[in-house]
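Letters go in sequence order (proteins before strands), and every chain restarts at 1. Only heavy atoms go into these numbers, but all of them, side chains included; no hydrogens, no water, no symmetry mates.
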Amino acid sequence: MAKATMAAATGPLDGQVAGSALVSIKPMEPASRLAIRARPDAIASLSKVLGVKLPQAPKTSAQSTAAKSRQRVALWLGPDEWLVIDDGNADLMGICAKAKGLYSAVDVSHRNTSVLVSGKGAEATISAGCPQNLSLDVFPVGACARTLLGKTEVVLYRVEEDVFRVECWRSFSTYVFAFLAEAGQSPMI
Amino acid sequence: MLLIHCPYCNEERPELEFRHAGEAHIARPTNITAISDEEFTQFFFLRDNPKGIAFERWRHMHGCGRFFNAVRDTVTDKFVTTYEAGQPRPDLPAGGENEKGAGK
Ligand SMILES: [Zn+2]
């Protein structure tokens with residue numbers, strides 16, 4: 001392929017910052033993402049090529065441990081559905097092409113954007129608009145779920161005790177960010 | 001908030017994540033081209049709308065995305081049980097069952 005001058009990816013929330021003494025709310029760097037639907041017979045093969053084991057238990061995620069895919073995580077969304085995110089912007093579609101079995105992989109890198117909510121008030125900030133129980137014993141570190149934040153659908157992933165990744169659709173992101181910014185002004189902890 | 005047990009997430013989740021999706025256990029006739037207009041009307045348009053126990057399809061729309069079936073009391077809005085799509089009607093605990101509402 002001829003060498004093309006690539007335009008740098010820009011995020012819809014670039015440059016925005018929000019938060020308070022208890023919580024930091026900031027847009028994350030662009031990442032590559034894959035929406036995967038797979039039959040049981042394709043799961044092992046997909047896990048192998050992606051370098052991350054597609055989790056089979058509801059609400060769980062798996063982080064890659066391999067050196068070249070360390071920034072990759074697979075989130076369980078449904079019984080045959082996963083969201084794979086690679087913060088290293090790896091070519092996930094190219095990687096998946098080597099997998100065997102019946103599956104569909106859709107590149108949703110630019111459909112989604114994410115906001116990182118961290119700090120002591122992170123859980124309370126998200127709880128202002130999320131109906132799920134986010135307490136640590138019910139939504140532990142590594143837990144993930146497609147759910148709601150205010151009026152929008154989001155995918156929530158608890159990276160650490162006080163760190164949440166909020167994945168939302170790009171067109172919803174200004175709403176999501178404004179919602180979190182307002183909730184983060186005085187988190188109820 | 002009403003909590004609904006999703007049989008795929010295997011957990012109770014807030015009702016906001018769910019959508020109602022009509023009556024459950026309605027089988028599409030296999031001889032669809034042969035049936036009369038009246039029979040088609042019965043299959044396609046007419047629903048039981050019972051007062052009491054109803055078998056319904058629900059979807060965990062803003063969750064795992066799956067359709068499943070639920071038994072709900074339309075008077076109290078209590079969910080009796082939920083089960084995966086494709087499963088037969090479950091046996092309900094005695095009492096409170098309204099045969100007329102149990103559909104065809
Ligand atoms: Zn579910």
Side-chain angles (χ1 to χ4, degrees), chain A residues 35-40 43 54-61 74-83 104 106 108 111-112 126-140 142-158 166-169 172 175-176 179, chain B residues 1-28 30 54-93 103:
Chain A
I36 294 180
R37 301 288 303 265
R39 291 273 172 85
I43 293 174
L54 296 180
Q56 310 238 26
K59 228 167 87 171
T60 60
S61 65
L75 311 178
W76 186 97
L77 293 187
D80 62 357
E81 185 177 359
W82 294 267
L83 177 66
S104 99
V106 179
V108 292
R111 183 195 72 180
N112 284 20
I126 294 168
S127 289
C130 178
Q132 278 205 34
N133 182 352
L134 300 180
S135 58
L136 206 55
D137 51 339
V138 179
F139 204 90
C144 62
R146 184 159 47 198
T147 181
L148 293 164
L149 182 85
K151 292 194 225 179
T152 57
E153 186 176 286
V154 298
V155 172
L156 202 58
Y157 169 43
R158 189 172 212 147
V166 181
E167 280 274 324
C168 65
W169 286 9
F172 295 166
Y175 169 87
V176 167
F179 192 104
Chain B
M1 185 177 291
L2 181 65
L3 297 175
I4 301 171
H5 184 270
C6 171
Y8 295 97
C9 293
N10 210 12
E11 196 175 64
E12 290 196 326
R13 292 291 181 82
E15 61 170 315
L16 293 180
E17 292 184 355
F18 296 86
R19 287 286 182 282
H20 180 259
E23 193 174 324
H25 300 293
I26 293 177
R28 182 183 172 85
T30 48
F55 291 78
E56 299 171 322
R57 295 167 78 229
W58 280 73
R59 186 180 180 201
H60 196 184
M61 178 98 185
H62 302 296
C64 66
R66 275 344 86 132
F67 283 90
F68 59 94
N69 293 333
V71 184
R72 185 175 65 96
D73 190 316
T74 59
V75 177
T76 62
D77 201 23
K78 277 212 168 73
F79 280 75
V80 180
T81 186
T82 58
Y83 50 104
E84 294 187 4
Q87 299 288 317
R89 278 199 185 83
D91 292 327
L92 297 178

Query raised in the report: Using non-hydrogen atoms only, which part of B/E15 is less than 4.5 Å away from chain A: side chain, backbone, both, or neither?
Result: neither
Query raised in the report: With only heavy atoms counted, which part of A/Q132 is less than 4.5 Å from chain B, the side chain, the backbone, both or neither?
Result: both
Query raised in the report: So, for B/C9 and A/P58, which heavy atoms are closest and what is the spacing to 0.1 Å?
Result: O-CB, 3.5 Å
Query - Minimal non-hydrogen separation, B/Y8 against A/W76, with atom names - result: O-CH2, 4.1 Å
Query raised in the report: Just wondering, more than 12 heavy atoms not from B/D77 lying within 6.0 Å of its CG?
Result: yes
**Report entry** CD-CG distance between B/E11 and A/N133, expressed to the nearest 0.5 angstrom
**Finding:** 8.5 Å
Report task. Give the member of B/M61, B/H60, B/R13 that has the highest number of heavy-atom pairs under 4.5 Å with chain A. Result -> B/R13
Query raised in the report: Taking atom CZ of A/R39 as the centre, does the number of heavy atoms from other residues, nucleotides or ligands within less than 6.0 Å exceed 12?
Result: no
Report summary line: Against chain B, residues from residues 148-156 of chain A with at least one heavy atom under 4.5 Å, in numeric order, are A/L148, A/E153
Query - Derivation and outcome, side-chain contact (heavy atoms from CB on, under 4.5 Å), residues A/D80 and B/R66 - result: CA-CA 10 Å; A/D80 62 357; B/R66 275 344 86 132; 2.5 Å; yes
